[in-house]
Structures are given as C-alpha cells and as structure tokens.
Amino acid sequence: MEEEDQAKTNIGGYNGRKGGFRACKFVFVLMFLENMGFVANMVSLVLYFMYVMNFNVAGAANTLTNLMGSTFLLSIVGGFISDTYLTRLQTALVFGSIEIMGLVLLTVQAHEKNLHPKKESRVEGGIAMMFYTSLSLLALGSGGVRGSLAPLGADQFDQKNPKEAKALASFFNYMLLSITLGAVIGVTVIVYVSTVKSWFWGFFISTVTASLGFVALAVGKPFYRIQPLSQSPLIRIAQVIVVAFKNRKFSMPENPEELYEIDEKYRVSTEERILHTNQFRWLDRAAIVSTDTEPEQWKICTVTQVEEVKILARMLPILGSTVVMNTCMAQLQTFSIEQGNAMDPKLGSFKVPAASIPVIPLAFMSILVPLYEMFFVPFARKITKHPSGISQLQRVGVGLVLSAISMAVAGFIEVKRRNQSNKNIMKPISLFWLSFQYGIFGIADMFTLVGLLEFFYKEAPLGMRSLSTSFTWLSLSFGYFLSSAFVSIINSVTKKVAPSKQGWLHGLDINKNNVNLFYWFLAIISVLNFFVYLYSANWYKYKPENIPDDIAAASKSSYSEQPKSVILESKEEKVQESTTEDQKTT
C-alpha cells in the first residue's frame with residue numbers, strides 16, 4: 001500500500017500531484033492568446049510594410065520572410081537556455097517580456113505619424129532604427145518562447161507511464177488546437193482591425209492579449225513539473241566529437257559491449273541510458289577504453305553520450321527535408337496575401353480583408369483536429385499499437401505530399417485571377433478562390449507541425465529536449481530564409497532570360513508578375529524533396545522507447561563493472577568512486 005501511495009506521488013521522478021493536462025491548461029491559454037497577435041501579424045504585416053513603410057512587393061515579402069525566419073531561428077536560443085541555464089518556465093517568461101517590448105515599440109510607431117516614412121520615400125534614419133529594433137525584439141522574444149513552451153507542456157507527461165505516453169501524443173494535438181483557435185480570432189478580428197480600422201489598434205490588441213497570456217503562464221507555476229537542468233548539450237556534443245577525433249587512430253573493438261559505459265547508480269537524473277547503435281560507428285571511438293585512460297571528461301565518453309550525438313545526427317536529414325514545405329508556407333503569408341488584395345473581397349455586403357482568408361482552413365482545422373484526436377487516433381491505435389495512432393514520420397510524410405499539391409493548385413488559381421484582371425480589372429474573381437490553396441496547406445500543416453514537434457521531443461535525449469524540439473522551428477526558419485533566397489534568385493535569373501527583361505516577381509503590380517510560375521516551381525521542388533524525405537525517413541532508426549530493467553541494472557561494459565574511478569560532472573557537483581581492485585583491460 002505504501003508503495004502504491006509513493007507511486008501516485010512520484011511518477012517518473014516527478015510529483016504525481018503536478019503535471020498532466022491540469023498544468024497544460026495554462027500553457028494552452030498562453031498559446032491561444034499569444035498566437036492571436038502572432039498569426040495575425042504573420043499574415044498581415046506584408047501589407048503594413050507595403051502601404052505604411054513604403055516597401056515594394058518583393059521587398060515587403062522578403063522583409064516578412066526574414067522576420068519570420070529570424071523568429072524561428074532564434075527558437076534554438078530559447079531551447080538551449082531552457083536545457084542548461086534557466087528552467088523552461090523561466091525561459092518562456094524572460095523571452096515573453098522581450099516579445100512584449102517589441103510589440104510595444106511596433107504599436108507606438110504605428111500610432112505616431114511622424115514615425116512613418118514620407119510618401120514615396122524609403123525607411124531610413126531614426127525611423128528605420130525604431131522599425132528594425134521593434135522587429136528584432138519581436139523575433140528574439142517570440143523565438144525564445146517557442147523554443148521553451150512546447151517542451152514545458154510536454155514535460156508534464158511521463159513517457160514511461162503508458163497512460164501518460166498516450167496523453168503526451170494528445171498534448172501535441174491539443175496544442176495545435178489552441179494555436180489554431182487563437183489564429184482564427186487573430187486573422188478575423190485583429191486583421192480586420194489592423195487593415196480596415198487602424199494598424200495601431202491591431203498591434204495594441206496583440207500586445208494586450210500576449211501580456212495576459214504570459215500572466216496566465218506564470219499563475220500556473222505551482223502545477224508544473226519542472227525538469228532539472230543538465231549539462232550544456234553543446235558541451236556534451238563537443239566532447240564526443242573532440243574525443244572521437246583524438247582517438248581516430250584507435251582500432252574499433254569488435255564487440256560494442258567493450259565500449260565505456262557507467263553503472264546506473266552513478267548516473268544523474270537528467271541522463272537516461274541509451275543502448276548502442278551501429279550507425280555513425282566512427283563516433284564510437286569516443287568511448288574506446290585504453291589502458292592508460294582515466295575515465296574523465298574530454299578523455300573518454302560514455303556510450304550514452306555518444307548515442308546522444310548520433311540521435312541528433314540522425315535527425316538532421318529529417319530536419320533538412322521539411323524545409324521546402326515551410327518555404328511553401330511562406331508564400332501563403334506573402335504572395336497569396338498580395339493576390340487576395342487584388343481580388344473581390346465581398347462576402348454579401350461585408351468586405352473581407354485579404355489577410356483574413358486563412359480563416360477558412362483554420363476554421364476547418366479547428367474541427368478536424370478534435371475529430372482526428374477523438375476518432376482517428378483511437379482507431380489507428382488498435383491497428384498499429386502506436387500511442388499516436390501513426391508514427392510521427394508517417395504523419396510528416398502526409399503533410400509534405402499535401403504541401404506540393406497546395407502549390408500546384410495555387411499556380412492555377414493565380415492564372416485564373418490574372419486572366420480575369422487582364423480582361424476586366426473592375427470585376428476581379430472572388431477572394432474565396434484562395435481557400436483551395438489555404439485549405440489544402442492547412443491540412444498539411446496539421447499533420448507536419450504536430451508530427452515534427454512530437455518526433456523531435458520524444459526522440460531527443462532527456463537533457464536535450466528543448467534544443468531538439470527547436471529543430472521544428474529551425475525548419476520553419478530555414479524555410480522562410482530559403483523563400484527570400486528563391487525570390488531574389490528567381491527575379492535575378494528571369495530578368496536576364498525573359499523577353500521583357502522583367503523578373504517574375506518585380507514591381508508593385510502583381511498583374512504584371514508571374515507568381516503562378518513561381519508557385520509551380522515550388523511544387524516541382526516539393527515533389528523532388530518528398531523523395532528525399534522518403535529515403536531519410538526509411539533510413540532513420542527510432543530510439544528504443546524503454547530499456548529493460550535487467551539491462552539497465554547491469555552494466556554491459558566489463559570496464560564499468562568494477563571501475564578504478566568513475567567521474568561524472570553535473571552543473572554543480574562531481575562524483576568520484578574509487579575501488580582497490582585492479583582495473584580490467586579490454
């Protein structure tokens with residue numbers, strides 16, 4: 001009975017009275033409130049750049065994609081800090097404060113007309129300094145929050161507990177639902193206020209909702225399971241690479257069990273035992289035991305430490321093969337918005353802002369995500385026995401196929417729109433034609449975003465989960481930067497070869513551009529990228545879910561069974577165990 005009570009209060013090393021969906025409610029509230037403004041700005045800022053800050057079409061698109069790329073790139077900073085120096089909660093609150101500062105500056109500049117560039121002039125001087133400072137703070141703050149918030153929510157579930165493992169899979173679906181519901185309000189209410197009423201009031205609402213969200217996150221502190229800090233993941237990675245290079249001339253042992261590993265009793269709580277794999281065998285040299293080597297850091301690494309680096313290395317092809325999809329998503333926030341601005345925005349007597357058209361796929365996703373969680377996942381579990389219904393990589397693959405289809409459809413819709421505009425510019429086609437490309441991509445994003453977040457979190461070593469989860473946002477970042485590069489390269493190349501000597505994406509008049517050709521270019525690239533992903537996913541080896549107790553209890557290395565010394569350093573302590581027995585040689 002005593003053991004049962006203890007189990008209830010201590011699940012997976014955590015206090016059982018904390019965590020679970022009760023704690024995640026506060027995370028969901030922040031995701032809902034913060035994404036109202038974040039998504040609204042993501043889809044409408046291109047119009048702010050064009051009509052308030054006097055950017056041209058390509059300049060506005062590139063400025064937005066560079067902003068979004070920087071935001072998601074900086075998530076890696078939040079992930080690194082929350083693994084090593086601050087808890088995930090502290091990291092989210094610190095970077096949340098920075099995000100609020102950026103929104104305040106953006107709001108002030110939108111309100112003061114003397115802080116806008118004069119008509120036909122470029123952004124420069126003090127105006128440019130304030131403009132780019134606000135965007136930089138916004139990128140740093142939003143990025144840092146995204147690098148720590150998803151892992152904070154996922155930490156509330158213990159993967160070793162079967163019930164909590166299923167709940168973890170559900171967490172990522174409900175996280176997407178929270179983001180989607182916030183985005184629905186953002187692209188309707190906030191976008192309408194920004195584009196029809198006043199940019200100042202739109203940014204002001206974004207600032208208030210985000211501030212309320214971070215207050216809610218802080219209020220939930222007593223309910224959270226807080227993951228203890230670990231050694232810097234970058235140092236652990238560097239140690240393996242450096243020691244493997246030092247030992248490059250050593251012969252590899254035929255039996256992997258001869259590689260160095262430590263007993264479970266010496267292992268700290270932030271490190272889990274990972275079994276040896278045969279991929280990237282050259283890294284195993286970091287764990288080779290020699291007779292004259294003391295088991296010290298920077299001289300020898302454990303098999304677990306080597307496997308941590310192997311896991312991250314195996315993730316890189318998956319990360320790389322999802323970048324193109326996010327390049328496609330960038331077009332829905334730039335050129336598709338510009339398309340919508342040249343279409344008929346009327347729904348009966350109501351005039352719909354072009355930037356609000358994503359509400360159609362978002363509303364669809366708001367219905368589809370709960371249906372997916374309540375019906376598809378339980379049905380698929382019965383067949384596959386997988387906690388998530390289907391594997392994370394299968395889910396990502398579905399999204400990649402749909403993203404290619406979305407770009408192909410977008411090209412045909414643009415041809416129809418431009419032809420009608422050239423016939424009679426006063427009678428453009430309806431804005432709701434864009435719902436096809438948005439709807440298909442919305443479903444693609446539902447599969448891919450959740451699949452990547454769950455994949456990078458579950459597969460990551462225990463002390464690197466924030467850093468690894470940030471790979472999802474890193475893929476988004478590279479996608480936005482690649483979009484900017486594609487726009488510049490396509491413009492440069494087509495300017496030289498086109499008879500008109502004009503690039504596909506030049507000037508302010510979208511009717512004189514060839515956005516459809518750019519969409520089809522991305523569709524072709526997406527198809528080629530899908531085959532790269534298939535190879536990468538087939539090659540990837542999943543980390544074992546759990547290590548059997550008999551393996552975990554016994555050391556598989558003869559060297560580590562009776563060590564002469566075991567040295568293990570955490571952030572604040574160093575444990576050393578010596579015995580009088582002779583050291584065994586391998």
* Might you work through the side-chain contact (heavy atoms from CB on, under 4.5 Å) test for Phe95 and Phe214, ending with a clear yes or no? => CA-CA 10 Å; Phe95 281 96; Phe214 287 110; over 6 Å; no
* Return yes if some donor-acceptor pair links the side-chain N/O of Ser406 with the main-chain N/O of Gln437 below 3.5 Å, else return no. => yes
* **Flag, side chain of Ser75 to backbone of Phe72, donor-acceptor distance under 3.5 Å** => yes
* Given side chains that start at C-beta, do those of Leu482 and Thr65 come closer than 4.5 Å, heavy atoms only? -> no
* Ignoring hydrogens and angles, tell me if any N or O in the side chain of Ser475 forms a donor-acceptor pair with the backbone of Phe471 under 3.5 Å. => no
* Side chains of Cys24 and Phe171: closer than 4.5 Å at any heavy-atom pair? -> yes
* 4.5 Å side-chain heavy-atom contact, Phe481 and Ser477 -> yes
* Got Phe172 and Glu373 here, is their nearest side-chain heavy-atom distance under 4.5 Å? -> no
* Quick one: CD on Glu99 to OG1 on Thr71, what's the gap to the nearest 0.5 Å? -> 8.5 Å
* Asked: Distance from Leu234 atom CG to Thr84 atom OG1, nearest 0.5 Å?
  -> 7.0 Å
* To do: Answer with yes or no whether the side chains of Arg88 and Ser466 bring together a donor and an acceptor at under 3.5 Å.
  => yes
* List the steps and the verdict of side-chain contact (heavy atoms from CB on, under 4.5 Å) for Leu217 and Tyr224. => CA-CA 10 Å; Leu217 184 71; Tyr224 300 134; 3.3 Å; yes
* Would you please indicate if the ring centroids of Phe80 and Tyr85 are separated by under 6.0 Å? => yes
* Looking at Asp158 and Arg225, does any basic side-chain N land under 4.0 Å from a carboxylate oxygen? -> no
* Asked: Between the side chains of Gln331 and Ser483, does any donor sit under 3.5 Å from an acceptor?
  -> yes
* Asked: Counting distance only, does the side-chain N/O of Thr209 pair as donor-acceptor with the main-chain N or O of Ser206 below 3.5 Å?
  -> yes
* Structure fact -> Value for CE (Met42) from OG (Ser142), rounded to nearest 0.5 Å, stands at 10.5 Å
* To do: Flag the pair Ile311 / Ile274 as yes when at least one side-chain heavy-atom distance between them is below 4.5 Å, and no otherwise.
  => yes
* Is there side-chain contact between Leu103 and Phe203, with heavy atoms separated by less than 4.5 Å? -> no
* With a 4.5 Å limit on heavy-atom distance, are the side chains of Trp539 and Arg314 in contact? -> yes
* Asked: Can you name the nearest heavy-atom pair linking Gly147 to Pro151, along with the distance?
  -> O-CG, 3.7 Å
* Taking all non-hydrogen atoms of both residues, which atom of Trp520 and which atom of Ala408 are closest, and how far apart? -> NE1-O, 3.2 Å
* Answer yes if the ring centres of Phe131 and Phe49 are under 6.0 angstrom apart, and no otherwise. => yes
* Polar contact flag, side-chain donor to acceptor under 3.5 angstrom, Ser468-Glu459 -> no
* Before giving the answer on side-chain contact (heavy atoms from CB on, under 4.5 Å), spell out for Phe447 and Tyr372 the whole-Å C-alpha distance, their side-chain angles and the decisive distance to 0.1 Å. => CA-CA 10 Å; Phe447 278 94; Tyr372 179 90; 4.0 Å; yes
* Asked: Any idea which heavy atoms bring Ala60 and Met50 closest together, and the distance?
  -> CB-CG, 3.3 Å
* Does any donor atom in the side chain of Asn529 or Ser321 lie under 3.5 Å from an acceptor atom in the other side chain? -> no
* Determine whether the side chains of Ser44 and Ser194 contain a donor N or O and an acceptor N or O closer than 3.5 Å. => no
* To do: Please tell me if the side chains of Phe32 and Ile185 come closer than 4.5 Å, counting only heavy atoms from C-beta onward.
  => yes
* Quick one: CD1 on Ile100 to OG1 on Thr107, what's the gap to the nearest 0.5 Å? -> 9.5 Å
* Measure the spacing between CD of Glu454 and CG of Leu452 and express it to the nearest 0.5 Å. => 10.5 Å
* Does Tyr457 have Arg465 sitting over its ring (NZ/CZ under 6.0 Å from centre, angle to axis within 45°)? -> yes
* Asked: Between Asn62 and Ser488, what is the shortest heavy-atom contact and its length?
  -> ND2-OG, 3.7 Å
* To do: For the pair Lys18 and Phe223, evaluate side-chain contact (heavy atoms from CB on, under 4.5 Å) and give the outcome as yes or no after the intermediate values.
  => CA-CA 5 Å; Lys18 296 186 176 185; Phe223 300 95; 5.8 Å; no
